[in-house]
Number of protein chains: 2
Amino acid sequence: MTTKKKYPHCCPVRYTLDLIGGKWKLPIVALLRSGALRFTEIERALPGISARMLIKELKELESHGLLTRTVFAAVPLRVEYCLTDDGYSLCPVFQAMHAWGSTHMASFAEETAACIGPKTVGLAEPTEAQKLG
Amino acid sequence: MTTKKKYPHCCPVRYTLDLIGGKWKLPIVALLRSGALRFTEIERALPGISARMLIKELKELESHGLLTRTVFAAVPLRVEYCLTDDGYSLCPVFQAMHAWGSTHMASFAEETAACIGPKTVGLAEPTEAQKLG
DNA sequence: CAGGATCCAGGATGATACTG
DNA sequence: CAGTATCATCCTGGATCCTG
């Protein structure tokens, strides 16, 4: 959806922004770095997102090849989302943005430093990112 | 505007996305890496942006300390925008996004590889970025 | 030239109800 | 559980006119 709809792709940076620049894309990808998750799990890990939005975001990410969707036809339906290699390859971008953000936030960010989940993921935990990058 | 309006800042990545994740922020910052530019120059270098938007984006970037606005009280009014150190410090983010985007675009991106300006800036020319980073 | 103010259409998103 | 569909709303951003 966000891909070639609005404007033709010009430079790689714009392209990247288009694919992961949304409000939730990066957080979602970050979450999945730790492994596959079910719809509900992702939903709960992202306080503030609506199911409708999450579905849309997941679809877009999938259509861009950043994650895969696997359906398990069980009684309580089960769908798992998992990063592709392309998805994992976003780690350096995380690192860069995390590093810059950390520096620039500095002062007022301490007490609210973790959002995405209770302690689920710091979005770009240097350790995690490095191990994956 | 984009700062603490919508949601409290949680993680550095979200913070970064908030500051430069828009449609034009990064392109603008990229342009200014080469030095100060006037309003009209930026406008012309970003085909598709409206003056109204550009003004808004510039204001936000300024309010976040990424660039400075200098007014020259000349007859034909002259206003120049220039990156701050914080603005320049975004180079690594450029590089990361540029690198990922280049790889992931691959096939269909060749003939339209330059947008921002005629040849103004490739958004994150490795050479430029490295020299500044 | 640079930017403010206003009007307005369209997209993005929340809420709710329904389905396999 | 994991969606889909629809309605209502809100915000974004373009177009236009005005100012210093």
Side-chain angles (χ1 to χ4, degrees), chain A residues 1-8 14 17-28 31-32 35-64 67-82 115, chain B residues 1-8 14 17-28 31-32 35-64 67-83:
Chain A
M1 306 309 230
T2 350
T3 319
K4 37 187 67 174
K5 196 182 54 177
K6 312 191 172 196
Y7 38 80
R14 281 293 283 274
L17 269 178
D18 240 21
L19 263 58
I20 55 152
K23 193 168 171 180
W24 302 105
K25 302 260 170 50
L26 223 15
I28 291 172
L31 272 174
L32 294 178
L37 287 177
R38 303 180 54 171
F39 182 85
T40 315
E41 293 173 326
I42 304 179
E43 189 178 11
R44 269 196 288 265
L46 296 176
I49 196 172
S50 65
R52 187 174 164 287
M53 273 311 296
L54 182 51
I55 293 172
K56 202 189 61 177
E57 301 288 75
L58 288 171
K59 269 191 187 174
E60 292 179 6
L61 288 172
E62 186 194 4
S63 79
H64 292 325
L67 55 80
T68 57
R69 197 183 90 114
T70 314
V71 183
F72 298 88
V75 189
L77 190 52
R78 178 189 187 83
V79 177
E80 281 193 357
Y81 293 88
C82 184
C115 80
Chain B
M1 305 310 220
T2 348
T3 320
K4 38 185 67 174
K5 197 182 54 178
K6 313 193 173 195
Y7 38 79
R14 281 292 284 271
L17 269 177
D18 241 20
L19 263 59
I20 55 150
K23 193 168 170 179
W24 302 104
K25 304 259 168 53
L26 225 14
I28 292 173
L31 273 174
L32 294 178
L37 287 177
R38 304 180 52 171
F39 182 85
T40 314
E41 293 172 327
I42 305 180
E43 189 178 10
R44 269 195 288 265
L46 297 176
I49 196 171
S50 65
R52 187 173 165 286
M53 273 310 297
L54 182 52
I55 293 172
K56 203 187 61 175
E57 302 288 74
L58 288 171
K59 268 193 188 172
E60 292 180 4
L61 288 172
E62 185 193 5
S63 77
H64 293 325
L67 55 79
T68 58
R69 198 183 89 115
T70 314
V71 182
F72 298 88
V75 190
L77 191 51
R78 178 189 187 84
V79 178
E80 280 193 357
Y81 294 89
C82 183
L83 284 191

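In this entry the distance linking CD of A/E80 with P of D/dA2 reads 9 Å, nearest Å. Distance, A/E43 CD to D/dG3 C1': 11 Å, rounded to whole Å. In this structure, A/F72 atom CZ and D/dG3 atom C1' are separated by 17 Å, rounded to whole Å. Rounded to an integer number of Å, the gap from CD1 of A/I55 to C1' of D/dG3 is 5 Å. For the pair A/I42 CD1 and D/dC1 P, the interatomic distance rounds to 14 Å; values are reported in whole Å. Atom CD of A/E62 and atom C1' of D/dA2 are 13 Å apart (whole Å).
By the side chain to side chain contact (heavy atoms under 4.5 Å, CB included) test, B/L32 pairs with B/I28, B/L37, B/I42, B/L67, B/Y81, B/L83, sequence neighbours left out. Partners of A/E57 under the side-chain hydrogen bond (donor to acceptor under 3.5 Å, both in side chains) rule, at least two apart in sequence or in another chain, do not exist in this structure. Evaluation of the side chain to side chain contact (heavy atoms under 4.5 Å, CB included) rule for A/V71 yields A/R69, A/L77, A/V79 as partners, not counting sequence neighbours.
A/R14 places a side-chain heavy atom less than 4.5 Å from the side chain of B/K23.
Minimum atom distance to the side chain of A/R38 is reached by D/dC1, of the listed C/dG4, D/dC1, D/dG3.
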I'd like a table of donor-acceptor pairs (distance under 3.5 Å, sequence neighbours excluded) in which one partner is a side-chain atom from residues 46-54 of chain B, with atom names and distances.
{"residue": "B/S50", "atom": "OG", "partner": "B/M53", "partner atom": "N", "Å": "3.2"}

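At the phosphate of D/dA2, neither OP1 nor OP2 sits under 4.0 Å from any side-chain N or O atom of A/K59.
In this structure, CG in B/L26 is found 10.5 Å from CG in B/L31, a value given to the nearest 0.5 Å.
B/Y81 comes within 4.0 angstrom of sugar-phosphate atoms only, judged by non-hydrogen atoms across all strands, and of no base.
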Give the B/S/- string for nucleotides 13-20 of chain C, one per nucleotide from 5' to 3', where a protein heavy atom under 4.0 Å of the base yields B, of only the sugar-phosphate yields S, and otherwise -. BBB----B
